[in-house]
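Worth saying up front: this structure is predicted, and the values here are computed from it rather than measured. Start at 1 and go down the list; that is how both ligands and their atoms are numbered.
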Amino acid sequence: MKQSQLFTKTQKNAPKDEVSLNAQLLIRAGFVDKLSAGIYTLLPLGLRVIKKIENIIREEINSIGGQEIFMPSLHPKENWEITNRWKSLDEDMYKTKDSSDKEFVLAPTHEEVIIPLAKKFINSYKDLPFSAYQFQNKFRKEKRAKSGILRGREFIMKDLYSFHLTEEDLNDYYEKVDKAYLRIFERAGIKEKTYKTFASGGTFSKYSHEYQTLTQAGEDIIYICEKCHTAVNKEIIADVENKCPECGEKLSKTEKAVEVGNIFKNKDKYTLPFKVTAKNENSEDILLLTGCYGIGLQRLMGTIVEVFNDERGIIWPETVAPFKVHLISLSQNEQAQEIYDNLVKSGIEVLYDDREISAGEKFADSDLIGIPYRIVISKKSLENGGVEIKKRNEKESRIIKIEDIAKEIK
Ligand code: ATP
Ligand code: MG
């Protein structure tokens, strides 16, 4: 894509009321626009990142048998009365009415739709287990919407739900989701900083697990076990007697972290009120067990920004970067155009800065936007034998021949 065609622009300053680093950088670099507290538009660059993240998650969830669906955001009150959450989540939900006073909620989560949906199709053990997921907006009255895109009032979640006849089967699938999550966070570049964290399990299982990424921007405190790379959320540290539930090591080191995902065994919490049963092999009706598993997409994107940045801007991991190459032409548009065409032909995603502005401005924008490879073509680079290439996290550039560019990048 040519940068002259991008309708958005970079900005010197973020809005004054934007206190979080992720949103400051993302707004200045032109990835997101703030509409209101906790409500952001994804601009072309930002949507490209979200789509990369979405595809990583999709591939990994498909690989454990998840079937992608898309449920509505607007839910009738009845479904939420069945679980009693019309009342219990009242303070967190955006509720509305239609012209005949029928009440609805803008969904903060989707158990109230997926559970009765499963009831329509699942009759016997032969239909089980199964899991379904979606990428869909969630709406929540977040009181502290001060963490930029880490805590939106409207945000996209990957929410996966699994259905099982036995607890053993639920436990098996739970472990598979854990492995898939680790692959997702590895591919997103944050594996080392992300800890599988024991957290409160509510009434139906001893623990749930959160995936907590170390950052000062996080709102959670976790106790980390360096021995086995797991952690315990401060909320339950007393319950585990300050010991790692995995290896027994004494826990004392605390860190700030953000929850990028979680996995939860709900057991029959939702299938009971909706009476979702299936026949087992002896033709007995068995109440189904469920698990639910979430990842916030903007939360993950914002976390990556919090982890990978320097004083000049964002440093995207290649796997989620909006483009792989930032091609910068300093008054050499003819050769640059040729390089651009060739890279695009070989399937490399390029942002080509063809604008009529100073070299300094182009470099500053490039550092701010944070694309992994920067290639500069100028009179000087041509005299030196080609183009300058530099990774965003490297200090010095080097000269390579024009014909070697594609090879160098692939
Ligand atoms: P938190 O404790 O941070 O409020 P939560 O316990 O409400 O999170 P869930 O309702 O289980 O989270 O949602 C699943 C995932 O969705 C979380 O792990 C997180 O990645 C993401 N998420 C939750 N709330 C938000 C939000 N307001 N903005 C962006 N992502 C969110
Ligand atoms: Mg919450």
Out of curiosity, is Val258 lining ligand 1, as in a heavy atom under 4.0 Å away?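 Val258: no contact with ligand 1 (<4.0 Å).
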
Of all the heavy-atom pairs spanning Ser63 and Arg183, show the shortest one and how long it is.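 Closest pair (atom of Ser63, atom of Arg183, distance): OG-NH2, 3.3 Å.
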
Residue pair Pro322 / Arg48: nearest heavy atoms and the distance that separates them: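 The answer is O-NE, 2.7 Å.
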
Evaluate the ring planes of His110 and His75, with Trp represented by its six-membered ring, and classify them as parallel (under 30°), tilted (30 to 60°) or perpendicular (over 60°).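 The rings of His110 and His75 stand perpendicular, inter-plane angle above 60°.
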
Proximal ligand 1 atoms for Gly261, defined as those under 4.0 Å from one of its heavy atoms: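 Those atoms are 18 (O), 20 (O).
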
Among protein heavy atoms, which sits nearest to [atom], and what does the distance come to when rounded to 0.1 Å?
atom: atom 2 (O) of ligand 1; value: Glu259 OE1, 3.7 Å
atom: atom 11 (O) of ligand 1; value: Asn262 ND2, 2.6 Å
atom: atom 28 (N) of ligand 1; value: Gly152 N, 2.9 Å

Side chains of Glu18 and Lys16, heavy atoms from C-beta outward: is any pair under 4.5 Å?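 Side-chain contact under 4.5 Å: no.
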
If we only count heavy atoms from C-beta on, is the Ile263 to Tyr181 side-chain gap below 4.5 Å?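 Ile263 vs Tyr181: side chains touch.
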
Mind checking whether Arg151 contacts ligand 1 via backbone (N, CA, C, O), side chain (CB onward), both or neither, at a 4.0 Å heavy-atom cut-off?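 Within the 4.0 Å criterion, Arg151 contacts ligand 1 through backbone and side-chain atoms alike.
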
Please work out, at 4.0 Å between heavy atoms, whether the side chain, the backbone, both, or neither of Leu150 comes within that distance of ligand 1.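 The answer is the backbone of Leu150.
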
Would you check the N or O atoms of Val260, main chain and side chain alike, for any that come under 3.5 Å of an N or O of ligand 1?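 Yes - when backbone and side-chain N and O of Val260 are compared with those of ligand 1, one distance drops under 3.5 Å.
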
May I ask which of [options] has a heavy atom nearer to [atom] than the others do?
atom: atom 21 (C) of ligand 1; options: Ser208, Gly38, Gly296; answer: Gly296
atom: atom 16 (O) of ligand 1; options: Met157, Arg299, Gln212; answer: Met157
atom: atom 23 (C) of ligand 1; options: Lys158, Met301, Arg140, Lys138; answer: Arg140

Is there a donor in the side chain of Ser131 and an acceptor in the side chain of Gln67, or the other way round, less than 3.5 Å apart?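 No, because no side-chain N or O of Ser131 sits under 3.5 Å from a partner of the opposite role on Gln67.
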
Under the side chain to side chain donor-acceptor pair (under 3.5 Å) test, which residues partner Asp159, sequence neighbours left out?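 Asp159 satisfies side chain to side chain donor-acceptor pair (under 3.5 Å) with Gln134, Lys138, Tyr161 once adjacent residues are dropped.
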
Between Glu259 and Arg299, does the salt bridge (Lys or Arg N to Asp or Glu O under 4.0 Å) criterion hold? Intermediate values first, please. CA-CA 8 Å; Glu259 179 195 319; Arg299 170 90 52 105; 5.2 Å; no

